[in-house]
Amino acid sequence: RFVLHARSRNVASIIGYPVGGGLVLLAIAGIPWASGGTGDDWWLLVTFAGFGLFILWGAWSTNRRRIEVTEQTVTVVQPFSRYEMPWSALVDIELDNAMSNGGGIYSLAFVTPTDRIVAQVPAGGQRVMTELRDRILRARDASTANQAQVGNELPTNDEVPPAAEVAVKG
């Protein structure tokens with residue numbers, strides 16, 4: 001079992017939460033100052049609060065994105081959705097070029113018979129993403145081999161009903 005997070009997760013936690021929270025608190029603390037003065041400075045407080053909330057949302061969103069690999073499933077967690085796929089439903093994992101102009105940033109795309117789910121993180125160069133793809137496929141192969149040794153062989157892709165292939169939560 002392992003979890004793959006965004007590389008920028010620590011930056012979001014260390015910088016994003018304090019800066020975003022600080023701007024919101026600054027806006028809240030400034031309400032008496034603005035209302036005690038001429039009242040013309042309310043737009044500054046709204047700007048601080050809005051920018052602070054945007055930074056907090058970005059930090060939360062970055063921290064939430066991940067790929068969870070267990071013995072039975074692989075789960076792609078996006079900011080507002082969660083896709084859980086059993087190993088038997090996973091046909092392939094492809095490299096998805098995240099840049100429309102053919103740039104060098106890639107993501108992983110999990111392919112089932114009915115869906116193609118692109119994980120928003122982690123993202124990186126082709127070599128790094130190929131290594132992550134191979135690590136996940138090795139985990140799938142080890143899980144399948146372990147299930148076969150126990151006697152609970154996983155069903156093939158033909159045996160999985162289409163409606164039960166990918167569980168979307170969120």
Side-chain angles (χ1 to χ4, degrees), residues 1-70 72-86 89-90 92-112 114-136 139 163-170:
R1 174 172 163 70
F2 58 92
V3 178
L4 302 170
H5 290 279
R7 283 185 248 155
S8 57
R9 180 176 181 226
N10 291 339
V11 173
S13 295
I14 294 169
I15 297 173
Y17 288 126
V19 169
L23 286 172
V24 170
L25 289 176
L26 183 64
I28 292 171
I31 290 174
W33 166 75
S35 61
T38 61
D40 294 336
D41 298 329
W42 64 269
W43 63 269
L44 187 62
L45 301 179
V46 172
T47 302
F48 279 178
F51 193 58
L53 290 173
F54 179 74
I55 291 173
L56 286 172
W57 175 81
W60 172 82
S61 174
T62 300
N63 277 335
R64 179 155 167 73
R65 299 175 192 176
R66 64 187 176 276
I67 299 171
E68 301 171 351
V69 178
T70 66
Q72 293 84 23
T73 62
V74 62
T75 305
V76 176
V77 181
Q78 310 287 26
F80 298 106
S81 61
R82 178 183 186 95
Y83 303 95
E84 189 170 6
M85 298 161 275
L90 190 62
D92 192 17
I93 302 173
E94 300 173 349
L95 290 181
D96 185 70
N97 194 337
M99 310 260 314
S100 60
N101 62 1
I105 298 176
Y106 292 85
S107 296
L108 296 177
F110 295 85
V111 181
T112 67
T114 58
D115 291 315
R116 185 173 189 271
I117 299 157
V118 178
Q120 294 176 354
V121 296
Q126 186 173 7
R127 182 185 57 81
V128 172
M129 297 313 292
T130 301
E131 290 172 3
L132 288 177
R133 174 188 178 273
D134 293 343
R135 181 178 177 195
I136 294 171
E165 288 172 355
V166 178
V168 179
K169 300 176 184 175

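Please read all numbers here as calculations on a predicted model, not as lab measurements.
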Undergrad: So, using side chain to side chain donor-acceptor pair (under 3.5 Å) as the criterion, who are the partners of T130 when residues are at least two apart?
TA: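 Checked T130 against side chain to side chain donor-acceptor pair (under 3.5 Å); zero matches.
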Undergrad: Going by heavy atoms in the side chains, are Q72 and P86 under 4.5 Å from each other?
TA: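 The answer is no; the side chains never approach within 4.5 Å.
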Undergrad: State which residues pass side chain to side chain contact (heavy atoms under 4.5 Å, CB included) with Y17; sequence neighbours excluded, sorted by chain then number.
TA: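 Listed in chain order: S13, L56, A59, W60, N63.
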Undergrad: My understanding is that only residues two or more places apart in sequence, or in another chain, count here; which of them pass side chain to side chain contact (heavy atoms under 4.5 Å, CB included) with I93?
TA: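 Testing I93 for side chain to side chain contact (heavy atoms under 4.5 Å, CB included), a comparison that skips the adjacent residues, returns L90, L108, F110, R133, I136, L137.
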Undergrad: Applying salt bridge (charged side-chain N to carboxylate O under 4.0 Å, His left out), which residue pairs with at least one partner in residues 49-63 are found, sequence neighbours left out?
TA: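 Sorted pair list comes back empty.
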Undergrad: Could I get the full list of side chain to side chain contact (heavy atoms under 4.5 Å, CB included) partners for A109, not counting sequence neighbours?
TA: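 Testing A109 for side chain to side chain contact (heavy atoms under 4.5 Å, CB included), a comparison that skips the adjacent residues, returns E94, D96, R116, V118.
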Undergrad: Could you work out, with side chain to side chain contact (heavy atoms under 4.5 Å, CB included) as the rule, every residue matching V46, not counting sequence neighbours?
TA: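 Scan of V46 (side chain to side chain contact (heavy atoms under 4.5 Å, CB included), adjacent residues dropped) gives W42.
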Undergrad: Minimum heavy-atom separation for A119 to S107, with atom names?
TA: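 Minimum heavy-atom contact is O-CB, 3.3 Å.
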Undergrad: Out of curiosity, M85 CE to I117 CD1, how far, rounded to the nearest 0.5 Å?
TA: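 It is 4.5 Å, given to the nearest 0.5 Å.
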Undergrad: Between V69 and R135, is the side chain to side chain contact (heavy atoms under 4.5 Å, CB included) condition met? List the steps.
TA: CA-CA 10 Å; V69 178; R135 181 178 177 195; over 6 Å; no
Undergrad: As an exercise, state the distance from CG of L132 to CZ of F2, rounded to the nearest 0.5 Å.
TA: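 Between atom CG of L132 and atom CZ of F2 there are 8.0 Å.
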Undergrad: Taking side chain to side chain donor-acceptor pair (under 3.5 Å) as the test, write out the residues that go with T70, two or more places apart.
TA: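 Side chain to side chain donor-acceptor pair (under 3.5 Å) list for T70, sorted by chain: T73.
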Undergrad: Kindly write out the residues that satisfy salt bridge (charged side-chain N to carboxylate O under 4.0 Å, His left out) with R66, not counting sequence neighbours, or none if the list is empty.
TA: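 R66: salt bridge (charged side-chain N to carboxylate O under 4.0 Å, His left out) contacts with E68.
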